[in-house]
*Asks:* 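Attaching a single structure in structure tokens format; questions to follow.
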Amino acid sequence: MEPGIFRKTIRQYFQKYGRDLPWRRTRNPYHILVSEIMLQQTQVERVLGKYEQFISAFPDFASLAQAPLQSVLSVWQGLGYNRRAIALQRIAQTVTTDWDGILPSSVDLLIKLPGIGHATASAIAAFAFGKPSVFIETNIRRVFIHFYFHDRDDVRDSEILPLVEKTLVRSDPRRWYYALMDYGAMLKKQLQNPNRKSAHYQKQSPFKGSNRQIRGMALKTILEKPYITEAALLKKLNRDPEQILPVLYDLQKEGFIRKQGKRFHITNP
Ligand code: ADE
């Protein structure tokens, strides 16, 4: 498809159906960073409930940097993948101590921060700093497969990236990427999700009863009852210990929780 027609289709869709999301009303790099980390593995609907709550609890890099990990995790509850909260706090600490409270605008520097990969670094560069970065995330991938690879399977991101670069609206990358993401979110609701044609496609595993759910429940229980005994924790989680114990072991190994004697508590920074 000719780039002009492609752009026009996406932009017309956005003009009519574009989503008005709170993190699209700001250029505050801290606010954009928080939203992008939250949106990494979590649906927009679920992030909407947490974003403002998190920003009010920790309004800037300095307050997040100084907060006890307990309170950061406690506000994060419900989003899952708690290592993102820890990474976010580490970023806040780096920014306050090393960079005078200023988030860098270049992809090369952003990508060095914990929890920030190429897509997140590029999204921050585009949304907070208006940079014409070139990147793919799940919604963007879906749009390009739909328009350019409808007759293909196992499409690689390396095949899509040159098209992202070629079609990028350099005069307003921010609005362009919002439009691509919204078009992609719309395509997802269609019967056949184009991302099934991606070589990188991974169906979201069922959450209920998964290790990820047990991790979340274990952390929540320990947050609510610090220094809970192992026996009390197992009782409260009401699951086969053979499923819970490896999860608790992983949480310790990754530094989220510590065991002292028979009791668990959340690790302090
Ligand atoms: N708006 C800005 N960033 C976004 C993202 N990662 N997903 C959906 N909408 C967004």
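What you see is a predicted model; the values in this text were computed from it and never measured.
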*Asks:* May I ask you to decide if the ring planes of H146 and Y183 are parallel, tilted or perpendicular, using 30° and 60° as cut-offs?
*Replies:* tilted
*Asks:* Does CD belonging to Q43 count more than 12 external heavy atoms closer than 6.0 Å?
*Replies:* no
*Asks:* Taking the six-membered ring of Y227 as reference, does the cationic atom of R263 (NZ for Lys, CZ for Arg) lie under 6.0 Å from its centre and within 45° of its axis?
*Replies:* no
*Asks:* Can you confirm whether Q15 is buried at CD, in the sense that more than 12 heavy atoms of other residues, nucleotides or ligands lie under 6.0 Å from that atom?
*Replies:* no
*Asks:* Would you mind checking if D20 and R25 are paired as a salt bridge, meaning a charged N to carboxylate O distance below 4.0 Å?
*Replies:* yes
*Asks:* Around atom NZ of K262, are there more than 12 heavy atoms from other residues, nucleotides or ligands closer than 6.0 Å?
*Replies:* no
*Asks:* State whether the number of non-hydrogen atoms from other residues, nucleotides or ligands found under 6.0 Å of R24 atom CZ is greater than 12.
*Replies:* yes
*Asks:* Distance only, no hydrogens: is a donor on one side chain within 3.5 Å (strictly under) of an acceptor on the other, for S198 and R156?
*Replies:* no
*Asks:* Answer yes if the side chains of Y178 and R19 hold a donor-acceptor pair under 3.5 Å, and no otherwise.
*Replies:* no
*Asks:* ring-ring contact (aromatic ring centres under 6.0 Å, His included), that's the test. Do F135 and Y177 meet it? Break it down for me.
*Replies:* CA-CA 9 Å; F135 69 102; Y177 277 120; 4.3 Å; yes
*Asks:* Measure up the F144 and Y148 rings against each other and bin them: parallel (under 30°), tilted (30 to 60°), perpendicular (over 60°).
*Replies:* parallel
*Asks:* Would you say K50 has more than 12 foreign heavy atoms packed within less than 6.0 Å of its NZ?
*Replies:* yes
*Asks:* Between R196 and D154, is the closest basic N to carboxylate O distance under 4.0 Å?
*Replies:* no
*Asks:* Please check if atom CG in D100 has more than 12 non-hydrogen atoms from other residues, nucleotides or ligands closer than 6.0 Å.
*Replies:* no
*Asks:* What pairs of residues pass the side chain to side chain donor-acceptor pair (under 3.5 Å) test when at least one of them lies in residues 112-124, not counting sequence neighbours?
*Replies:* Q40-T120
*Asks:* Applying side-chain contact (heavy atoms from CB on, under 4.5 Å), run through E159 and R152 and close with a yes or a no.
*Replies:* CA-CA 12 Å; E159 301 176 84; R152 279 275 314 278; 3.0 Å; yes
*Asks:* Check this for me, if you would: do E137 and R141 make a salt bridge, where the nitrogen-to-carboxylate-oxygen distance has to be below 4.0 angstrom?
*Replies:* no
*Asks:* Salt bridge check, R215 against E254: does any charged N sit closer than 4.0 Å to a carboxylate O?
*Replies:* yes
*Asks:* Checking P114 now: which residues fulfil side-chain contact (heavy atoms from CB on, under 4.5 Å) with it, not counting sequence neighbours?
*Replies:* A87, R90, I91
